[in-house]
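Notes follow once the structure below has been shown.
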Amino acid sequence: MLTAETISPASLDLTWVRSQFPSLAQTVDGQPAVFFDGPGGTQVPQRVIDAISDYLARHNANSGGAFATSRETDRVLAEARGAMADFLNCDADEIVFGPNMTSLTFAISRALGRELGAGDEIVLTLLDHDANFAPWKALEERGATIRAAKFHPADCTLDMDDLARQITSRTRLVAVGYASNAVGSINDVAKVVRLARQAGALSYIDAVHYAPHGLIDVRALGCDFLVCSTYKFFGPHMGVLYGKREHLKRLQPYKVRPSSNKVPHRWEWGTMNHECLAGITACVEYWGELGRRAMELGAAIPQGLKPQPAGGFFGTAKAAPLQNTRRGAIVAAHAAIHRHERELTERMIAGLLEIPRLKLYGISDRRRFDQRTGTMAVRIDGHTPLELATKLGQRGFFTWDGNYYALNVTEQLDVERSGGFLRIGLVHYNTLEEVERFLAALREIADALP
Ligand SMILES: Cc1ncc(COP(=O)(O)O)c(C=O)c1O
């Protein structure tokens, strides 16, 4: 069985991983650049860059034409759909591409709005990015009532009791994030999907922040929709929507008349970003190679990838001889990066908590780290987050400051008017050595305060 326990810590070949990402070699004033800005967007492996330029150099055309480059473009599109279907575990015609998650969510909300009226309710959460809030709140114009579940301020985890209370027989949709891009909390989305289904409501999962950290299995989750953005998991700047086929067929998109009315094309308007679609396939291939290497290197090679603990980082994989498939390799990749990210997170949080006047927002108890990603929100008394990010940036550490569009979170925690948080985001290409150097730099900056 493939779990974090049966995969050797050596299974992530970090030297190989880092060699794949040319941008990691950059420097800032002679100091190595440290990319802790992953929740805002990750770096890309060379193969993604190559795939994008190869498309533009050799296959560049519009789709649907009766000539070579156009047919090749159709193939590029089909391959990208197949790749994302493996990444999310669904069928290729349930994958919709768009410029980003926000645009895709507005597209679905507008379509759903056509069916809504007075008395219909939508349940959201105050822990979510505004891209999974504002598009639904806009449906108040259609007479829908918006309800928002709270989160616990002490550890920034979703108040599941409050969420359950908000869902009633009038609920038409429950929109919840898989993980918070602000504070890193992972929500029990399997339970949210169940609650929504029991009430006869649709579920819409924002997996943008979760995708680089944990395996997504839309079949096992049973969600109606799930959205993610490839630029958060080592691909190009694009968004991806999974929708159950029945919903993609039934809901009526706003579209131009000549474009196909078939699923999933009816949700993809205008000319797509073909070069980035080529990059998406290469990105998923990167995940696949990472997983195959992890299986080769791991002490315990999975005998068949079996269901993982519910709600854990690995979701649930189909119990089938998956090891030779791309999906199987993606499952293995997640197992390998999980252990590495966990090690980095433990060290980072332990070190952060030793810094005087620093406050960490979110889960800090290491026994509960399975409920968080390695995304940390902090403040240090006497310094605004922007000042901290600027001083860190001058030393080559790339972090974010502000609300990162998780506006309800910063408002609820009363930090919006004072600059939000400093966000430190770890992904699998980061190293323990980077964490140590970062902690030393942040300590120095904190100590230099009046
Ligand atoms: C959790 C979460 N949801 C949604 C978004 C919006 O994604 P996009 O930029 O693809 O619209 C982001 C972007 O940071 C995010 O972190």
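By convention here, the first residue in the shown sequence is residue 1. Counting starts at 1 for both ligands and their atoms, in listed order.
The single protein non-hydrogen atom nearest to atom 11 (O) of ligand 1 is T102 OG1, 2.5 Å, given as residue, atom name and distance. Of the protein's non-hydrogen atoms, the one nearest atom 15 (C) of ligand 1 is H129 CD2, 3.2 Å. Scanning the protein for heavy atoms near atom 16 (O) of ligand 1, the closest one is N181 CB, 3.2 Å. Of the protein's non-hydrogen atoms, K232 NZ, 2.6 Å is the one closest to atom 14 (O) of ligand 1. Taking atom 1 (C) of ligand 1 as the reference point, the nearest protein heavy-atom neighbour is D206 OD2, 3.4 Å.
H237 does not count as a contact of ligand 1, since none of its heavy atoms falls under 4.0 Å from the ligand. Within the structure, the closest approach of Y231 to ligand 1 falls below 4.0 Å when heavy atoms are considered.
Listed for the R114 side chain is a donor-acceptor partner under 3.5 Å among the backbone atoms of Q252.
Within a 6.0 Å sphere centred on CZ of F398, heavy atoms belonging to other residues, nucleotides or ligands number more than 12.
Considering backbone and side-chain N/O atoms, A179 never comes within less than 3.5 Å of an N/O atom of ligand 1.
Geometric assessment of R47 against the ring of Y286 yields a negative cation-pi assignment under the 6.0 Å and 45° thresholds. For the pair R423 and Y404, the cation sits on the ring face: its NZ or CZ lies under 6.0 Å from the ring centre, inside 45° of the axis.
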Verdict with reasoning, F21 to F35, per ring-ring contact (aromatic ring centres under 6.0 Å, His included):
CA-CA 11 Å; F21 292 84; F35 292 85; 9.5 Å; no
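Near S229, meaning under 4.0 Å from one of its heavy atoms, ligand 1 places the atoms 7 (O), 8 (P), 10 (O).
Side chains of H209 and Y178: no donor on one and acceptor on the other come within 3.5 Å. No donor-acceptor contact under 3.5 angstrom links the side chains of Y204 and S109, judged on distance only.
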